[in-house]
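One structure is given below, encoded as structure tokens.
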Amino acid sequence: MHRKFVLLVEDNHDDVELTLRALSKSDTTVEVVVAHDGVEALGFLYGTGAYGGRNINVMPAVVFLDLKLPRINGFEVLERIRSDERTELLPVVILTSSNEEKDLIRSYELGANSYVCKPVDFTEFSNAIRQLGSYWLFLNESPMKENE
Amino acid sequence: MNTLQLITVLTSFSAFLVYVYLIWFVLNLNQKELLNRLCALAFVPFAIWSFAFTFLHSSTSLNVAKLWMNVASIGWCSFPVFVFWFYSVFSHRDRLLKSKSFIAMCLFLVAFFTYQQWNGNLIVDLLRQPYGWSSVWAISPKSIGFSMYYILFVVGCMYFALDFERRSNSAREKKQARIFYVSALVSLILGTMTDVVLPMLEVGAIPPLADVFILIWAVGLVYAVKRYGFMGLTPATAAEDILSTVADSLMLIGLDGKIIHANRKVHDLLGYTEEELKGRDIVSILSGIEMSAIVESGGVYSNETTFLTKSGERIPMLLSASAVKDREEEVVGIVVTALDITRRKEMEQELRASEEKYRTLVDHALVGIGIHQDNRIVFANQRMTTMLGYTLEELIGLPIADLIHPEERSAVLARAQRRQQGYPEPETYEIRLLKKDGSFFYALISNGLIEYNGRVATLITISDITDTKARKELEEANRELEAFSYSVSHDLRAPLRSIDGFSQMLLEDYADKLDDKGKDYLRRIRAASQRMSQLINDLLTLSRISRADMHFEELNLTAMVEEITAELRQSQPERDVEFIIEPNVKAYGDSHLLRIVLENLLSNAWKFTSKHKSAIIEFGVKEHDGKTVYFVRDDGAGFDMAYVDKLFVPFQRLHEQDEFEGTGIGLATVQRIVHRHGGTVWAEGEVEKGATFYFTLRE
């Protein structure tokens with residue numbers, strides 16, 4: 001039985017650092033895999049590129065996806081995730097600085113499960129991340145069952 | 001019989017013949033008319049009288065003479081009544097004749113006096129004279145009575161005639177009446193002389209010639225009738241009167257299509273003389289008369305046609321024709337009236353030319369021109385149809401809502417309705433119009449109220465401003481602004497998060513390695529980054545205000561204020577603040593933006609009263625110079641009126657950060673929103689006494 005983990009897709013190293021710190025402060029340890037852009041993220045999910053050979057039956061419990069990514073942006077990644085039957089039910093939380101309404105609507109239209117605007121205030125940010133981790137990994141039932 | 005006698009006899013007999021002829025003449029003119037019959041009836045007594053006198057004067061024995069006198073008495077006893085009847089009907093006083101008792105009385109009088117005469121109580125004796133016989137009248141109550149009887153009736157006749165003359169407006173009737181009473185008077189006087197007065201004075205030298213003198217009256221009567229016509233006695237001559245005086249052309253046409261009679265106007269118009277027209281075929285004068293159709297239709301036939309004059313000119317006429325029937329309901333001909341419509345035709349031509357001119361103008365205009373009424377298009381020119389991508393048939397009757405971009409629909413329709421109700425609304429503004437294919441384009445629309453088919457409608461002109469340079473530049477600027485805002489929301493915030501985050505992490509993880517000063521520095525870093533975050537939020541809000549589409553609708557400001565104040569109260573329940581909110585304050589504007597205005601003003605009031613133990617915050621509306629002014633008032637920190645100009649400048653604050661926190665953007669936002677609504681905002685304040693912020697919106 002593999003531990004549940006989060007796939008964090010974030011290009012900003014500072015934000016990665018802050019997110020990891022926040023998650024580490026949770027009651028239960030949360031495992032995180034970090035992809036620094038969309039290509040890496042998709043590579044991880046489908047076992048291509050640098051992640052060739054990964055057991056792709058083991059999917060993350062949830063993907064925290066930033067929108068502003070180099071090369072392929074967050075929306076494209078989301079579309080790709082939803083269009084592949086291996087990952088079409090994979091829970092995706094959009095984690096972004098933008099509170100523009102059109103980003104919000106577009107995310108849900110493309111099939112995101114949640115949309116969270118990253119607060120600038122660190123305390124608020126930490127709380128938000130911790131809650132997300134707690135909810136999506138432990139409270140929420142993931143549809144991604146492992147196929148051994 | 002001597003010569004004198006012969007003369008008397010012949011005179012009487014001739015009179016008799018004349019009376020008979022007159023009776024025949026009058027009845028021949030018209031048997032059915034009451035007037036004719038009464039006239040004939042009036043002549044009958046005189047005929048009898050003259051007839052009897054013929055034999056009276058020619059008889060030799062007294063008894064025979066007396067017998068004939070008695071026969072004559074039927075005549076001279078009955079004539080007053082019958083003549084009176086005639087006169088009363090002639091002067092339209094025939095009410096009398098409707099009374100049975102009156103007729104009975106008349107007939108009784110006739111019978112009474114005839115009887116008296118036959119009993120020898122009036123003319124008691126006859127005297128032999130060279131010329132025949134003369135009468136001897138009794139001077140008795142009965143004979144006086146008789147005199148009075150006939151004088152009374154005859155005077156009555158003359159009174160009627162006189163009065164009729166006076167009352168009548170017709171010159172013709174006046175003339176007739178005059179002849180009637182003059183001739184009656186003359187006959188009466190002469191007749192009375194010879195038949196009554198002289199015999200009473202026992203002068204027998206003059207024969208009784210009343211029956212002859214009365215001829216004067218009778219002939220005068222018939223002459224008047226013939227010459228001046230009666231209604232009813234001679235319809236043809238009455239028609240002649242009407243024909244001559246009517247201003248329009250009037251013609252009587254026989255069933256054979258030949259002109260029987262044409263009035264003066266026709267002669268003048270066509271240039272023909274009366275002789276030339278009489279008997280002429282009507283089709284040679286005008287075309288378009290279907291004799292049989294008119295006869296059969298029975299009603300009035302109306303049409304436009306042309307008259308051909310003698311000189312070959314054609315005159316446009318409006319024709320009206322109908323069948324003329326005689327008393328047996330048989331069609332005897334057609335009466336035609338025609339109106340010269342040359343002028344009318346000219347005016348029609350001018351009008352057509354003018355319409356043509358305007359139609360060309362409208363059709364070739366470079367802008368779309370249309371009219372809408374009851375919220376539907378009722379007219380559109382060529383360009384408008386091409387601009388909108390519809391055919392003319394599709395466009396007419398189309399609801400104007402279908403032509404407006406959905407986001408602007410309610411606002412524009414409301415504006416149109418208010419304009420038609422008489423409120424002042426902007427006449428020219430930009431609008432996004434929807435084409436048939438669903439695409440839209442920017443247009444400049446100009447509105448004006450007109451009357452169309454008797455009701456109010458709106459005339460619109462539309463110019464497509466899609467290609468306008470200014471529009472392009474504006475769109476470009478907008479796009480840049482959107483890109484900028486997007487960038488701001490992501491790119492500026494991320495580093496802020498880092499600053500704040502790592503500062504905090506430092507505080508947490510290296511607390512033991514830092515002294516108080518170090519910790520303080522970090523705290524300041526954190527505070528600064530949070531402040532920057534707030535500024536970014538405010539800037540974003542301000543920029544969104546300019547970009548946002550406005551949807552105008554009726555709003556209840558009181559309800560909004562109540563919600564906002566409830567939230568404020570909830571945020572700090574411990575504060576003692578009284579809210580005075582005027583009920584039912586309505587406004588017309590964008591809901592989202594006006595909420596921001598109220599939120600800003602009320603949270604300002606809330607903030608600047610926080611240093612006071614208790615506070616009163618008011619919201620209300622008042623009238624000033626005919627405009628509706630909304631206000632938010634507090635009794636808090638207030639401000640120095642010297643700095644009132646700086647109030648609405650972005651980022652310009654009148655207080656220090658420690659006193660009251662804030663970015664200085666709130667009022668700038670309020671001002672921008674109020675300006676977008678076409679209104680103004682201003683403030684009044686006094687240090688520590690409070691401040692009042694007023695704003696108006698477009699009426």
Side-chain angles (χ1 to χ4, degrees), chain A residues 8-26 32 34 36-38 64-78 94-107 115-130 132, chain B residues 407 478-511 519 522-549 551 592-593 596 661 663:
Chain A
L8 174 64
V9 189
E10 172 67 67
D11 69 315
N12 184 322
H13 289 266
D14 286 350
D15 274 348
V16 169
E17 181 78 34
L18 295 170
T19 308
L20 289 175
R21 183 190 173 88
L23 283 172
S24 69
K25 294 268 168 87
S26 308
V32 184
V34 180
H36 292 99
D37 62 34
F64 288 171
L65 179 59
D66 188 16
L67 286 180
K68 194 114 189 311
L69 298 168
R71 295 196 280 176
I72 328 177
N73 71 24
F75 289 126
E76 279 184 58
V77 174
L78 181 55
I94 301 294
L95 204 55
T96 178
S97 308
S98 165
N99 61 353
E100 289 283 314
E101 181 144 345
K102 57 179 168 53
D103 289 339
L104 172 69
I105 301 296
R106 182 113 191 271
S107 303
Y115 187 100
V116 173
C117 189
K118 287 187 276 193
V120 169
D121 178 275
F122 179 66
T123 318
E124 283 179 40
F125 177 79
S126 296
N127 284 337
I129 296 296
R130 245 198 321 277
L132 281 172
Chain B
E407 284 174 20
N478 259 0
R479 263 194 296 275
E480 283 176 22
L481 197 64
E482 287 216 40
F484 174 73
S485 302
Y486 194 78
S487 181
V488 163
S489 65
H490 283 247
D491 297 340
L492 284 184
R493 280 180 172 147
L496 273 181
R497 194 168 29 254
S498 300
I499 294 170
D500 188 71
F502 288 111
S503 310
Q504 185 60 22
M505 278 160 81
L506 260 178
L507 272 172
E508 287 171 10
D509 296 353
Y510 292 90
K519 288 182 188 136
L522 285 169
R523 266 191 285 271
R524 286 185 192 233
I525 293 172
R526 282 205 75 199
S529 64
Q530 270 154 28
R531 185 161 167 68
M532 180 141 174
S533 172
Q534 187 55 41
L535 276 166
I536 290 171
N537 286 344
D538 285 350
L539 265 176
L540 265 181
T541 310
L542 192 60
S543 84
R544 283 203 196 108
I545 301 302
S546 312
R547 283 191 289 139
D549 290 326
H551 305 263
H592 174 63
L593 295 178
I596 292 174
E661 62 102 24
T663 53

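As the structure is a computational prediction, the values presented were derived from the model and not from experiment. Proteins get letters first, then strands, A, B, ... in listed order; numbering begins at 1 in each.
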* Structure fact -> The interface call for B:M505 against chain A, heavy-atom contacts under 4.5 Å, is both
* List in chain and number order the residues that pass side-chain contact (heavy atoms from CB on, under 4.5 Å) with B:R523, two or more places apart in sequence or in another chain; answer none if no residue qualifies. => B:L507, B:K519
* Side chain, backbone, both or neither: which part of A:S126 has a non-hydrogen atom closer than 4.5 Å to chain B? -> neither
* Asked: Between B:D500 (side chain) and A:F122 (backbone), is there a donor-acceptor pair under 3.5 Å?
  -> yes
* **Note, A:E124 side chain near B:Q530 side chain (heavy atom, < 4.5 Å)** => no
* Using a strict 4.0 Å threshold on nitrogen-to-oxygen distance, state whether A:D15 and B:R493 make a salt bridge. => no
* Asked: So does A:D121 pair up with B:R497, basic N to acidic O under 4.0 Å?
  -> no
* Asked: Who among A:N12, A:L18, A:V120, A:D14 has the most heavy-atom pairs with chain B under 4.5 Å?
  -> A:V120
* Asked: Can you name the side-chain contact (heavy atoms from CB on, under 4.5 Å) partners of A:H36, sequence neighbours left out?
  -> A:H13, A:V34, A:E40
